[in-house]
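Worksheet for the structure shown next.
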Amino acid sequence: MATVLSVSGSPSATSRTARLLRHLDARLTAQGHEVIPLDVRTIPAEALLGADFTHPAIVEAIALFDRADGVVIGTPVYKAAYSGVLKSLLDLLPQYGLHGKTVLPLATGGSTAHVLAIDYALRPVLSSMGASHIVQGWFTLDKDITVGEDGSLTVAPGTAEALAQVVDDFSLALGGAVLPAVTAEHTEAPAVPAASTAPARAA
């Protein structure tokens with residue numbers, strides 16, 4: 001199937017955004033795609049902030065974007081926009097670094113006041129970088145992200161279905177299969193401690 005680059009733009013080591021992405025990665029993998037995770041926070045700060053295009057980590061990140069057929073971009077919402085570390089990485093990609101690619105934008109935040117951040121902050125940047133198709137995204141409230149003591153992930157009723165739908169639409173756009181409908185999700189001890197998400201309007 002397709003190669004998908006799953007990018008977490010959170011600077012936090014205990015990121016809800018990254019946990020959510022890794023949970024959704026499993027669905028894409030089950031649909032037959034090769035999924036490559038990329039946590040922007042793991043790229044050395046001196047390379048990102050110093051715009052060091054020759055740094056091996058930047059060279060590798062650019063190569064991953066170039067290789068991908070589709071890209072999932074996840075970010076926490078800070079000051080009504082996407083994160084600074086994600087901005088730093090996107091600034092280092094070629095002007096049309098998303099040319100010909102299908103993109104799924106996702107965001108997490110503490111208030112529904114930020115629900116339009118995907119439409120008004122993230123989507124225009126992705127479009128300017130040449131993305132051929134930006135599918136409907138989704139905004140998830142932080143308070144609905146729950147991690148069990150055993151590391152299990154619970155997705156709140158309603159949000160599980162919505163997230164499954166946007167992921168399936170993304171998968172179909174890439175030529176993938178679709179899994180059975182989801183009602184509520186509970187995942188036992190995933191590789192990355194995971195999260196629960198609740199509905200809020202998306203892009």
Side-chain angles (χ1 to χ4, degrees), residues 1-10 15 17-43 48 53 55-75 82-83 85-108 118-119 121-140 161-182 185 187 190-192 194 197 202-203:
M1 291 293 181
T3 297
V4 176
L5 182 62
S6 180
V7 182
S8 169
S10 174
S15 167
T17 305
R19 289 167 173 163
L20 177 60
L21 284 175
R22 302 305 158 243
H23 173 65
L24 298 178
D25 289 351
R27 186 171 183 87
L28 287 168
T29 299
Q31 291 170 336
H33 303 294
E34 177 191 7
V35 181
I36 304 170
L38 174 61
D39 292 310
V40 181
R41 69 174 188 84
T42 64
I43 298 176
L48 279 176
F53 291 93
H55 193 286
I58 300 300
V59 172
E60 180 181 3
I62 292 174
L64 288 175
F65 274 91
D66 185 59
R67 174 185 170 190
D69 303 299
V71 181
V72 180
I73 300 279
T75 179
Y82 53 97
S83 71
V85 292
L86 178 59
K87 167 67 171 170
S88 296
L89 177 61
L90 295 178
D91 283 349
L92 295 180
L93 296 180
Q95 176 61 52
Y96 297 106
L98 296 177
H99 176 70
K101 303 184 188 304
T102 299
V103 182
L104 168 60
L106 300 170
T108 61
I118 293 178
D119 277 339
L122 185 55
R123 184 180 289 271
V125 175
L126 302 177
S127 180
S128 75
M129 294 180 67
S132 63
H133 182 28
I134 304 173
V135 301
Q136 179 182 355
W138 194 259
F139 175 89
T140 301
E161 296 94 321
L163 283 169
Q165 185 62 60
V166 297
V167 169
D168 287 354
D169 289 345
F170 175 67
S171 180
L172 283 172
L174 291 170
V178 173
L179 296 180
V182 175
E185 295 190 14
T187 305
V192 178
T197 49

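The two residues Pro105 and Leu122 make their nearest non-hydrogen contact at CB-CD2, 3.8 Å. Closest approach of Gly74 to Thr17, counting heavy atoms only: C-CG2, 3.5 Å. In plain terms, the two heavy atoms of Ala173 and Val135 that are nearest each other are CB-CG1, 4.3 Å. Residues Leu38 and Leu5 share a closest heavy-atom pair of CB-CD1, 4.0 Å. For the pair Arg123 and Gly137, the tightest heavy-atom approach, listed with the atom from each and the gap, is NH2-N, 4.2 Å. A pairwise comparison of heavy atoms in Gly9 and Val85 identifies O-CG2, 3.1 Å as the closest pair.
Between the side chain of Ser171 and the backbone N or O of Val167, no donor-acceptor pair lies under 3.5 Å. Put simply, the side chain of Ser15 never gets that close to the backbone of Ser10: no donor and acceptor are under 3.5 Å apart. With hydrogens and angles disregarded, no donor-acceptor distance shorter than 3.5 Å links the side chain of Lys101 to the backbone of Ile134. Judged purely by atom type and a 3.5 angstrom limit, Ser128 uses its side chain to pair as donor or acceptor with the backbone of Val125.
Under the 4.5 Å side-chain criterion, counting only non-hydrogen atoms from C-beta, Asp69 is not in contact with Thr102. Taking the side chain as every heavy atom from C-beta outward, Gln31 and Asp168 approach each other to under 4.5 Å. For the pair Ile62/Pro94, a side-chain contact is recorded, criterion being any heavy-atom separation below 4.5 Å from C-beta on. Residues Tyr82 and Ile118 have side chains not in contact (no heavy-atom distance under 4.5 Å, counting atoms from C-beta outward). Contact of the Phe53 side chain with the Leu92 side chain is registered, since non-hydrogen atoms from C-beta on lie closer than 4.5 Å. For the pair Leu104/Ile73, no side-chain contact is recorded, criterion being any heavy-atom separation below 4.5 Å from C-beta on.
Taking CD of Glu161 as the start and CG of Leu163 as the end, the distance is 9.5 Å to the nearest 0.5 Å. Note that CZ of Arg27 and CG of Leu24 are 9.0 Å apart. Values are rounded to the nearest 0.5 Å. For the atom pair CG (Asp39) and CG (Leu21), the distance works out to 8.0 Å, reported to the nearest 0.5 Å. Here CG of Leu126 is found 13.0 Å from NE2 of His133. Values are rounded to the nearest 0.5 Å. A distance of 11.5 Å separates CG of Leu64 from OG of Ser6, quoted to the nearest 0.5 Å.
With sequence neighbours excluded, the residues that form a side chain to side chain contact (heavy atoms under 4.5 Å, CB included) with Val4 are Leu28, His33, Val35, Val72, Phe170, Leu174.
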*Start with the C-alpha gap between Val7 and Phe65, add the side-chain angles, then the distance that decides, and say whether side-chain contact (heavy atoms from CB on, under 4.5 Å) holds.*
CA-CA 10 Å; Val7 182; Phe65 274 91; 3.9 Å; yes
*For side-chain hydrogen bond (donor to acceptor under 3.5 Å, both in side chains), just list the numbers for Ser8 and Arg19, CA-CA rounded to whole Å, side-chain angles, deciding distance to a tenth of an Å, and then say yes or no.*
CA-CA 9 Å; Ser8 169; Arg19 289 167 173 163; over 6 Å; no
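At a threshold of 4.0 Å, the pair Arg67-Glu34 counts as salt-bridged, since one of the basic side-chain nitrogens sits closer than that to a carboxylate oxygen.
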